[in-house]
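Single-structure report; data block below.
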Amino acid sequence: MFEETFAAELANRVGSLVEVATDNNLIEGILSTVTPELVLVIEVNNGYGDNVKLYISLDAINFMNFPVAA
């Protein structure tokens, strides 16, 4: 039940800058897509490389932060 509420709240924040913490990683990027099981975060490069798309399982997320852009 919590995952449904969590996914619904995240769906309202698509397009926002986000920091996602899992057991092993801290991922920073733009929240792109939310499904009932996964979120897609796009890490934006400032260089010439491609942007990295990361699919993260909702149950792997320890916490999320939505920093205010300066």
Side-chain angles (χ1 to χ4, degrees):
M1 182 172 143
F2 174 73
E3 286 185 8
E4 293 173 11
T5 305
F6 187 41
E9 178 60 31
L10 292 177
N12 291 328
R13 296 176 178 252
V14 167
S16 299
L17 189 61
V18 67
E19 296 174 346
V20 181
T22 65
D23 287 344
N24 301 318
N25 295 312
L26 179 62
I27 301 156
E28 298 179 24
I30 298 172
L31 182 61
S32 176
T33 305
V34 179
T35 71
E37 298 174 359
L38 298 171
V39 296
L40 170 60
V41 176
I42 300 176
E43 288 185 321
V44 179
N45 279 335
N46 292 335
Y48 292 103
D50 291 336
N51 296 332
V52 178
K53 297 178 183 176
L54 297 167
Y55 292 91
I56 307 163
S57 175
L58 280 179
D59 57 356
I61 297 172
N62 293 334
F63 74 87
M64 295 183 78
N65 184 29
F66 296 92
V68 179

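Residue numbers count from 1 along this sequence. Worth knowing before you read on, the calculation uses all heavy atoms, side chains too, and leaves out hydrogens, waters and symmetry mates.
- Within the model, atoms CG of Leu17 and CG of Asn65 stand 9.0 Å from one another, a figure rounded to the nearest 0.5 Å.
- Leu31 and Leu26 are assigned to two separate hydrophobic clusters, defined by single-linkage of ILVMFWY side chains at heavy-atom distances under 4.5 Å.
- Hydrophobic clustering, with ILVMFWY side chains joined whenever heavy atoms are under 4.5 angstrom apart, keeps Leu10 apart from Ile42.
- Taking the side chain to side chain contact (heavy atoms under 4.5 Å, CB included) definition, one finds that Ala7 meets it with Val34, Leu58, sequence neighbours left out.
- Inter-residue side-chain proximity for Thr22 and Ile56 is flagged as met; some heavy-atom pair is nearer than 4.5 Å.
- Residues in residues 8-35 take part in these salt bridge (Lys or Arg N to Asp or Glu O under 4.0 Å) pairs, two or more places apart or across chains: Glu9-Arg13.
- Within a 6.0 Å radius of CD in Glu43, other residues, nucleotides and ligands contribute more than 12 heavy atoms.
- Listed by first and then second residue, the salt bridge (Lys or Arg N to Asp or Glu O under 4.0 Å) pairs involving residues 46-64 amount to none (not counting sequence neighbours).
- Using a 4.5 Å cut-off between side-chain heavy atoms of Ile, Leu, Val, Met, Phe, Trp and Tyr, with links allowed through other members, Val44 and Val14 fall into different hydrophobic clusters.
- With sequence neighbours excluded, no residue satisfies side chain to side chain contact (heavy atoms under 4.5 Å, CB included) with Ala8.
- Under the 4.5 Å side-chain heavy-atom criterion for grouping Ile, Leu, Val, Met, Phe, Trp and Tyr, Phe66 is connected to Ile61 within one hydrophobic cluster.
- Leu54 and Leu40 fall into different hydrophobic clusters, defined by Ile, Leu, Val, Met, Phe, Trp and Tyr side-chain heavy atoms under 4.5 Å apart, directly or through other members.
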